[in-house]
Amino acid sequence: MSSSEPAPLWDLPEPSRSASEPKASSPRAGKPAAAKTSAGRAKAAAKKAPSRKGQQQPAPELPVAKVVVDIPLAHLDRPFDYQVPDKLHEAAVPGCRVRVRFAGQLVDGYLVERTDTTEYERKLAYLERVTSSEPVLPASLHAVCRSVADRYGGTLSDVLRLALPPRHAKAEGEPAGEPAPEPDVPDVSAWTRYQRGPAFLDAVADGKPANAVWQALPGEDWPRRLAEAAAVAASCGRGAVLVVPDHRDLTRVHEACAAMVGEDAVVALIAGLGPAERYRRWLAVLRGTVRVVVGTRAAMFAPVADPGLFVVWDDGDDLHLDPHAPYPHVRDVLMDRAHATKSSLLVGGFARTAEAQLLVESGWAQAVVADRTELRTAAPRVTPVGEDFDVARDEAARVARLPAVAFEAARQAFAAGLPALVQVPRRGYVPGLACGNCRTPAHCRRCAGPLALPGGSVDGAPKPPACRWCGVPETAFRCQACGSVRLRAVIVGAKRTAEELGRAFPGVPVRTSGAAEVLATVPGRPALVVCTPGAEPVAEGGYGAALLLDGWALLGRQDLRAAEETLRRWMAAGALVRPASSGGRIIVGAEAGLSVVQALVRWDPAWHAGLELGQRRELGFPPAMRMASVEGTPDAVASVLDDLPLPDTGEILGPVPLGDFDDAGNASRERALVRVARPEGKTLAALLHDAAARRDARKAAEPVRIQLDPLELI
DNA sequence: ATCGTCATTTGT
DNA sequence: CAAATGACGATC
């Protein structure tokens, strides 16, 4: 039975015995590249039949190929030497894709170098074939990927999988276009609003490495500012890579860049393009036909020629963390690339992360920020609304349970012919509550706002329901309609909120933007624009008001970054509002005494980032310290930790159970954190890599997830 | 997956 | 004491 299956060609026995199979050698002998047909045939005939393998001659020069194999095992994370056969001498160029026999299997790999000699004591195997001579892994890209793998304690092959799109033969066959011409030097006068802004761009223009952390002013046309920076680099013949969190941002930055440096000089790299187009655009970058790359996180590896500038916008957005091993972060990869290539880095956003703050405080980067005078002309007026607020007197607004100031701010915006933005918690993020008996929506006894489950827990017990507007917990619910004490969860999304609010403003159209459908822009006319964080449309001419009603949900999260994240989302929405001088107002539903609210009122993200970083130092949390998480079954986690030599400053926290439990009540998965002082981060990564290597070599079945600088810590 | 190495078992 | 078998680890 089994004998009826034809063995694949490459499974034929190697040297001897094939004298009895005269045909074995001929079928694949015709290599299209050999071109000269008659000579090729004569040569093949001259070689007497037996397997071609034994007959292979090493290449006349540089016969050794260093090959990185595409196997994600940590103990095989190094190049292996192969012999280049005579026939592949021309094709086997550094950086090309190859196929090699590795441990009896044919595997894909990359040829990273041709050399004269090998350290290997035994006989080298030959390259099986060259998949294509396109040098997709040149030394520069190899170095980037190796460095990223080392930083995260991961393997090169894992990083290569993130950095190189799958090959598409048809796209590869198309000829490379002409390199785009150098664009004109752009007008960068808009950067004079920021201290050290012009100085930073001068450095980029002079090809001197400079690093900047930039907080954009409210209302800033930041895609255009980024395009100007990219154009500065491009105008002096350097490349630029700009990474933004999502597709919507990418569209804006891409348009701005195309207008600034020309359609042909910029390319958008984005997931979900389709294999051919994805590879085509990536090749255009590799071949140097475009100078400016705009993309989402995978573009952080874009092999742009002669890079002069790397940019990450809104580095606090968790989309910048790649969810695939070894979980690299855009900001950190771009820092590494900028450093390695002596080019510049720009970390921009409306808000500032604790990580960016550390770059500034350590002197690694300069703060590019506006002074208070500029800020005063740009910022909207911010009014916090805490627990004690007056519900609007207007009858319809009372029905919608809207605070009076919020109602008034929205009304003024509409009166001025402008839209108003309402930011509400993400749908499903927080379920709303209704009576378990009669299904009447459950309302707060204090302000009549809707009750919801905040999520998270205190001392192991789930948090009690709380009001969506004022945040007051409800510990003894009783239905107003039927007297039942039972509660049931209902989904209250942006849609429902929109309907409720809409009734308060008859005649004003209500638009929603959220997970289901994200609007890019809304016209500059009266409208109530209800959206979840991150989905705020840009309004033509700016919003007249923004109502930030999700503070209690954002701030209530059990997360080290809750405050930082809240300010980031508020500022992203608030930046779309007109300046106070033009009547722009922000109403934020949170206590005025909170520092995060103060930071919004004063529009001072740097101050808040300084506070955050100070707290992280006190707690010994990132980015003040470096952390790694080790996650898996209890046995697997224990085996890694037991095998991990701790650096001097090393400390293990946990392990703690992770959510799911088995029938016996034991955690099926655990997570431990390993903490070291920042200077030992590199050592920790190497030690974790080695521990993973020993584990892989033992062929351990249970997977362990090792992550450096994980975002979620609590 | 496959191959070589080295230790152990089995057959004289 | 030599040949056969098996466990293990490297994998070019």
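Any value given below was found using the heavy atoms of this structure, including those in side chains, with hydrogens, waters and symmetry copies removed. A note on names: the letters A, B, ... follow the listed sequences, proteins ahead of strands, and every chain is numbered from 1.
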Exercise for the section: Please work out the stems of DNA chain C from pairs that are Watson-Crick or G-U wobble with both distances under 3.5 Å, keeping only runs of three or more consecutive pairs. Expected result: B:2-11 with C:1-10
Exercise for the section: Is it possible for you to check whether A:R101 lies under 6.0 Å from the centre of the six-membered ring of A:Y82, through NZ or CZ, and within 45° of that ring's axis? Expected result: no
Protein-nucleotides 9-12 of chain C N/O pairs closer than 3.5 Å?
from, atom 1, to, atom 2, distance (Å)
C:dT11, OP2, A:R78, NH2, 2.8
C:dC12, OP1, A:A103, N, 3.2
C:dC12, O4', A:D81, O, 3.3
C:dC12, O3', A:D81, O, 3.2
C:dC12, O3', A:A125, N, 2.4
C:dC12, O2, A:D81, N, 2.7
C:dC12, N4, A:R78, NH1, 3.2

Exercise for the section: Determine, stepwise, if the pair A:R698 / A:H75 fulfils side-chain hydrogen bond (donor to acceptor under 3.5 Å, both in side chains). Expected result: CA-CA 10 Å; A:R698 252 183 290 127; A:H75 65 302; over 6 Å; no
Practice task
Decide yes or no on side-chain hydrogen bond (donor to acceptor under 3.5 Å, both in side chains) for A:T155 and A:D77, but give the supporting numbers first.
Solution key: CA-CA 6 Å; A:T155 66; A:D77 189 17; 5.1 Å; no
Exercise for the section: Could you check A:T289 against A:E178 for side-chain hydrogen bond (donor to acceptor under 3.5 Å, both in side chains), going step by step and ending with a plain yes or no? Expected result: CA-CA 6 Å; A:T289 35; A:E178 287 293 307; over 6 Å; no
Handout entry: Heavy-atom donor-acceptor pair, A:D246 side chain to A:D249 backbone, under 3.5 Å
Key = yes
Practice task
Starting from P on B:dC3, measure out to CG on A:L106 and report it in whole angstrom.
Solution key: 13 Å
Problem - Whether A:S157 side chain and A:I71 backbone form a donor-acceptor pair below 3.5 Å - result: yes
Practice task
Assess whether salt bridge (charged side-chain N to carboxylate O under 4.0 Å, His left out) is satisfied between A:R97 and A:E134, documenting all intermediate values.
Solution key: CA-CA 7 Å; A:R97 294 177 200 264; A:E134 188 80 41; over 6 Å; no
Exercise for the section: Spell out, as yes or no, whether a donor-acceptor pair under 3.5 Å connects the side chain of A:D306 to the backbone of A:R238. Expected result: no
